[in-house]
Amino acid sequence: MSEGDSIGESVHGKPSLVYRFFSRLGQIYQSWLDKSTPYTAVRWLMTMGLSMLYMIRVYILQGWYIVTYALGIYHLNLFIAFLSPKVDPSLMEDSDEGPSLPTKQNEEFRPFIRRLPEFKFWHSATKGIVVAMVCTFFDAFNVPVFWPILVMYFIMLFCITMKRQIKHMIKYRYIPFTHGKRKYKGKEETGKPFSS
């Protein structure tokens, strides 16, 4: 490899100005993502606010329905991945390898691990809204379409997909939502140290 063939390197071997700029921008972005991790409610409220802003924009412009439909399908896909277990129990049914969900009372409890974790779900959903918002600034994405058919088709698709997902949850006995860790009470302390 000759000098300057590496991506982001200038002729003299040190990173180019453009590479350093985008590298620093990526670091700042990742820093903000890391800082937002513990604030689940705030993150989702911001995403809902951004979503409302997008819906108001589409309503006022009276267009870009195909972009909105694509965004809805994308969010439905993310939601299904969020509700699904990382290891599909239907694939592990005949196999003795790997973890499986308990099906009997005396089997060991295994926690529910999502295929798409909450943070990645939020991040992908927010990026999808931002991309859809950017698309509304370009007339090329304003494809004329009869929007009531798209709404009916989306509702039908949502119902069929959720019905299939709920049947899967019932069949393999898993619940994708938990209300925190159970707390067990131990013996009450008497305040006296052990005597030897």
Side-chain angles (χ1 to χ4, degrees), residues 29 32-33 36-95 98-103 110-180:
Y29 178 70
W32 278 100
L33 280 179
S36 72
T37 302
Y39 305 106
T40 308
V42 174
R43 284 189 283 115
W44 281 104
L45 283 174
M46 295 291 284
T47 299
M48 291 299 148
L50 191 61
S51 180
M52 289 301 296
L53 192 66
Y54 172 77
M55 286 187 236
I56 290 169
R57 179 165 172 77
V58 167
Y59 177 75
I60 289 172
L61 295 175
Q62 294 292 309
W64 288 271
Y65 300 121
I66 201 79
V67 173
T68 305
Y69 176 73
L71 178 64
I73 295 295
Y74 179 65
H75 281 174
L76 179 62
N77 188 21
L78 290 174
F79 187 61
I80 294 300
F82 177 72
L83 293 178
S84 301
K86 188 173 188 175
V87 178
D88 192 3
S90 64
L91 299 176
M92 301 303 291
E93 199 170 64
D94 298 328
S95 175
S100 62
L101 298 171
T103 55
R110 299 186 192 277
F112 182 79
I113 301 171
R114 298 178 190 286
R115 186 183 320 158
L116 182 68
E118 180 272 332
F119 185 81
K120 288 184 179 179
F121 177 35
W122 165 79
H123 190 233
S124 297
T126 305
K127 284 192 300 187
I129 295 169
V130 169
V131 167
M133 183 79 77
V134 169
C135 287
T136 62
F137 289 100
F138 300 100
D139 279 333
F141 296 109
N142 190 9
V143 179
V145 65
F146 187 59
W147 66 266
I149 291 177
L150 287 180
V151 171
M152 288 176 47
Y153 184 66
F154 178 78
I155 290 171
M156 186 176 69
L157 188 64
F158 178 81
C159 292
I160 290 170
T161 307
M162 289 310 296
K163 180 181 176 185
R164 192 185 81 227
Q165 185 67 30
I166 291 169
K167 280 184 176 180
H168 191 268
M169 289 159 61
I170 292 169
K171 181 178 181 182
Y172 294 103
R173 298 181 183 159
Y174 66 89
I175 300 173
F177 301 106
T178 57
H179 300 298

Can you find a pair of side-chain heavy atoms, one from [X] and one from [Y], that are under 4.5 Å apart?
X: Met133; Y: Leu53; answer: yes
X: Phe82; Y: Pro117; answer: no
X: Lys127; Y: His123; answer: yes
X: Tyr39; Y: Met46; answer: no

Would you find a donor on one side and an acceptor on the other, under 3.5 Å apart, between the side chain of Ser51 and the backbone of Thr47?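 No, the answer is negative, given that no donor and acceptor are paired below the 3.5 Å cut-off.
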Quick one: does Arg115's side chain have a donor or acceptor within less than 3.5 Å of a partner on Ser84's backbone?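 Absent.
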Tell me yes or no: between the side chains of Arg43 and Thr40, is some donor less than 3.5 Å from an acceptor?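 Short answer, yes.
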For Trp122 and Thr126, which I'm curious about, is there any donor-acceptor pair between the side chains at under 3.5 Å?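 Trp122 vs Thr126: donor-acceptor pair found between side chains.
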Any chance you could measure [X], atom [atom1], to [Y], atom [atom2], to the nearest 0.5 Å?
X: Ile170; Y: Gln165; atom1: CD1; atom2: CD; answer: 11.0 Å
X: Met55; Y: Leu50; atom1: CE; atom2: CG; answer: 10.0 Å
X: Thr161; Y: Leu76; atom1: OG1; atom2: CG; answer: 5.0 Å
X: Leu116; Y: Leu83; atom1: CG; atom2: CG; answer: 10.0 Å

Mark yes when over 12 heavy atoms from residues, nucleotides or ligands other than [X] sit less than 6.0 Å from its [atom1]; otherwise mark no.
X: Phe158; atom1: CZ; result: no
X: Met156; atom1: CE; result: yes
X: Trp147; atom1: CH2; result: no
X: Met162; atom1: CE; result: yes

Restricting to ring-ring contact (aromatic ring centres under 6.0 Å, His included), what partner residues turn up for Phe154, sequence neighbours left out?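 ring-ring contact (aromatic ring centres under 6.0 Å, His included) check on Phe154 returns nothing, list empty.
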For residues Thr136 and Arg57, report the shortest heavy-atom separation together with the two atoms involved.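 Distance-wise, the nearest heavy atoms are OG1-NE, 2.7 Å.
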Check: His75 ring centroid to Phe79 ring centroid under 6.0 Å: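 Between Phe79 and His75, which both carry aromatic rings, the centre distance is not below 6.0 Å.
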Less than 3.5 Å apart, which donor and acceptor atoms pair up between the side chains of residues 60-73 and the rest of the protein, not counting sequence neighbours?
unit_1	atom_1	unit_2	atom_2	d
Gln62	OE1	Tyr65	OH	3.3
Gln62	NE2	Tyr59	O	2.5
Trp64	NE1	Cys135	O	3.2
Trp64	NE1	Phe138	O	3.0
Thr68	OG1	Tyr54	OH	2.8
Thr68	OG1	Trp64	O	3.0

The test is side-chain contact (heavy atoms from CB on, under 4.5 Å); show your working for Arg164 and His168 and say whether it passes. CA-CA 6 Å; Arg164 192 185 81 227; His168 191 268; 5.9 Å; no
